[in-house]
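Both backbone and side-chain heavy atoms feed into the values below; hydrogens, waters and symmetry mates do not. Worth saying up front: this structure is predicted, and the values here are computed from it rather than measured. Lettering follows sequence order; numbering is per chain, from 1.
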Amino acid sequence: MIKITFPDGTAREYKNGISSLEIAEQISPRLAKEVYAATVNGEIRDLTRPIDLDATLKLHKWEDEAAKLAFWHSSAHLMAEALESLYPGMKFGIGPAIENGFYYDVDPGDETVITESDLQTVENRMKELAAKNLTFSRREVSKKEALYIFKKKSDEYKTELISELVDGTITLYTQGNFTDLCRGPHLPSTEPLKAIKLLSVAGAYWRGNEKRKMLTRIYGITFPKQKLLDDYLVFLEEAKRRDHRRIGKELELFTFSQKVGMGLPLWLPKGSDIRQNLINFLTSVLRKRGYKIVTTPHIGNVNLYKTSGHFEKYGTDSFQPISTPQEGEQFMLKPMNCPHHCEIYNATPHSYKDMPLRMAEFGTVYRYEQSGELHGLTRVRSFTQDDAHHFCRPDQLREEFKSIIDLILYIFKILNFNDFTAQVSLRDPENKQKYIGSDENWERAERDIIEAAAEKNLETTVVIGEAAFYGPKLDFMVKDAIGRKWQLGTIQVDYNLPERFDLTYNGSDNQKHRPVMIHRTIFGSLERFVAVLIENTAGKFPLWLAPEKAVILPISEKFNDYAGKVLEILNNSDICTLIDERSEKIGKKIRDNELKKIPYLLIIGEKEVENETIAVRKQGEGDKGSMKIEEFVSFINSEIKKEIAF
RNA sequence: GCCGAUGUAGCUCAGUUGGUCAGAGCAGCUGAUUUGUAAUCUGCAGGUCGGGGGUUCGAAUCCCUUCAUCGGCUCCA
């Protein structure tokens with residue numbers, strides 16, 4: 001007998017070799033139908049795998065990530081089986097479960113192309129196969145046997161994977177006619193795979209290496225119930241409606257022009273207003289926190305970037321240097337502000353007493369991003385960073401770093417950005433040639449970041465190999481409407497540029513000392529931040545950010561004079577307001593302006609003219625009743641103050 | 001940059017196998033209407049069907065090429 005301990009602490013005895021599924025069945029047949037995987041002694045396993053020692057057991061229903069993992073991983077195998085039956089000779093790369101669904105990377109051979117129009121056929125075959133209720137069976141094999149099996153299929157991708165595995169750890173899973181190299185876990189059978197949707201097909205380099213072959217990646221998702229799939233598809237549709245590219249067009253915030261060039265955003269008046277509101281707000285916060293605002297040119301001599309090291313690292317991937325009529329001169333479009341700021345630092349002598357020095361700029365930079373990477377406002381070739389550099393003494397670094405974490409959290413809080421994650425990005429110690437700077441400085445910087453984040457009780461995930469080439473960083477990441485992750489704020493410790501630019505300050509010992517530099521942004525870039533704001537708010541910006549605060553709607557043209565008077569008062573009170581003078585019915589005017597997400601609609605008719613009031617209607621909430629114009633002015637001002645005061 | 005898809009009026013989209021197929025709705029402009037909390041009616045105007053080649057008696061429709069966009073991959077100072 002073995003003792004099984006459940007999550008609630010209770011324990012029961014079962015016969016040796018019993019499976020998790022059998023235990024579930026004994027608890028209740030219904031439970032057995034709802035579980036998809038089990039964690040046995042901390043390891044996620046197939047339900048059908050026998051347990052042969054005392055163990056803790058957690059059974060995973062759909063709500064658990066572990067259940068979804070097994071479910072979607074099994075779905076990937078089912079898709080592979082369907083593909084193999086439809087495309088004999090197809091070779092298989094990897095097919096994991098992902099956050100939402102699964103994919104499989106396949107090589108259909110050079111003659112065959114799989115496109116989205118083929119997905120329905122594959123989907124149908126998957127449904128046929130799933131309905132056969134095929135069991136997933138697990139088998140441990142030797143490396144030799146595994147290689148033999150996949151060599152026979154001449155599947156060079158699987159054999160490559162197997163050749164890197166340690167003998168004795170290799171398992172195969174089989175369902176129906178399909179056998180795959182796989183660590184598991186899987187469902188007991190294909191029976192629960194009822195609602196299936198293949199979503200898209202894309203290219204993906206084998207093993208993520210752009211020098212290797214590009215395979216065909218097919219994305220799909222499955223659910224145990226059709227209703228869940230339907231809900232998911234509705235969710236995807238709604239997410240598309242929140243896409244900042246779509247809303248940006250609808251609300252006339254920004255645009256792109258082929259003539260101007262790809263990835264070069266054109267801010268329309270309303271988008272510019274939002275942008276400017278953000279700049280004004282952040283500038284006032286920065287001034288209170290001791291930042292000095294600087295301004296630097298959009299180009300710099302190529303030697304500037306040779307000094308900084310950026311030219312060597314990114315020179316060939318950048319907009320190429322600009323040649324001048326004067327021979328031998330070369331300038332680059334500014335790809336970052338830091339070298340300029342270093343030279344500003346060097347323009348004046350510095351004392352240890354003046355540190356830390358905080359230098360901020362809304363600096364527009366230009367980067368030649370690969371054409372396929374451009375994406376709305378989130379990945380562009382020209383963007384404005386809310387950039388700042390802190391120059392401090394080594395002993396101030398930790399505190400300075402923490403103060404920036406504070407600042408970022410403060411700004412995010414004001415903007416109601418709660419859904420972000422913090423990521424510590426370190427260098428890959430296996431791949432040191434990607435980075436510049438001494439081991440000692442790297443180790444010191446990485447330690448500083450980790451400890452500063454810990455001291456601020458900031459929950460972080462650590463990612464190896466994501467550091468900038470000159471230093472480790474702490475990034476604040478958010479997801480867009482359809483789940484893509486973007487970096488917003490970032491804090492980066494840099495011991496490197498101060499060396500390269502020979503930055504110094506006079507210490508109390510009257511000797512020259514080297515400051516430490518911290519790069520930081522809060523928004524990341526105004527472009528990306530506005531994009532995320534649009535998706536978070538679906539275009540219903542908070543009042544203080546809204547480009548137009550109110551629109552006056554006269555019920556008929558008879559009231560246009562009064563409307564004009566109201567307009568003048570509001571605009572003179574810095575409440576940006578328009579009049580909708582069209583000879584439309586009030587219902588139409590309300591509808592149109594609601595769709596434009598105008599925060600307040602001010603309806604004016606006979607009653608209002610008589611009483612010298614306005615009827616206030618709030619976006620999304622409807623009629624709020626009448627008030628005097630001055631009342632409305634102070635109401636709006638107090639609402640705005642509330643939004644940006646903490 | 002790579003793989004795949006897409007590209008028709010300002011916007012959202014129809015256009016079967018190449019032959020009145022250049023259309024609709026919204027937006028715009030007209031005129032009528034003078035309206036009380038999410039769509040009043042009339043009329044008009046708008047496009048070398050992304051660009052450039054080609055096949056054909058004939059191309060939005062087929063082929064080639066190029067540009068851009070979308071979904072991914074790679075990249076992201």
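- Comparing rG36(B), rU35(B), rA38(B) against the side chain of K558(A) picks out rU35(B) as the nearest.
- Remark: the separation of the C1' atoms in rC13(B) and rG47(B) is 14 Å, to the nearest Å.
- The nucleotide rG10(B) finds its pairing partner in rC26(B), both defining distances of the Watson-Crick or G-U wobble pair being shorter than 3.5 Å.
- Side-chain proximity of Q370(A) to rG1(B), rA68(B), rG72(B): nearest is rG1(B).
- If you check distances only, the side chain of R217(A) never reaches the base of rC3(B) with a donor-acceptor pair under 3.5 Å.
- Side-chain N/O atoms of K213(A) include none lying less than 4.0 angstrom from OP1 or OP2 on rC3(B).
- Below the 3.5 angstrom threshold, one finds no donor paired with an acceptor across the side chain of R212(A) and the base of rC2(B).
- If you check distances only, the side chain of E594(A) does reach the base of rA38(B) with a donor-acceptor pair under 3.5 Å.
- For rG1(B), its base never sits under 3.5 Å from the side chain of Y368(A) at any donor and acceptor pair.
- Nucleic acid contact for R207(A): none, since no nucleic acid atom lies under 4.0 Å from a heavy atom of the residue.
- Comparing A615(A) and L215(A) by the nucleotide of RNA chain B whose heavy atom lies nearest to each, the residue mapping closer to the 5' end is L215(A).
- Remark: R514(A) engages E499(A) in a salt bridge, criterion side-chain N to carboxylate O under 4.0 Å.
- S583(A) contributes no side-chain N or O that forms a donor-acceptor pair with the base of rU34(B) under 3.5 Å.
- Taking the six-membered ring for Trp, F92(A) and Y157(A) have ring centres at least 6.0 Å apart.
- At a cut-off of 3.5 angstrom, the base of rG36(B) holds at least one donor-acceptor pair with the side chain of E608(A).
- Residue order along RNA chain B, read from the 5' end via each residue's closest nucleotide, puts G263(A) first among S318(A) and G263(A).
- A close approach under 4.0 Å does occur between a side-chain nitrogen or oxygen of H375(A) and OP1 or OP2 of rG71(B).
- Taking only side-chain nitrogens and oxygens, K473(A) comes nearer than 4.0 Å to OP1 or OP2 of rA77(B).
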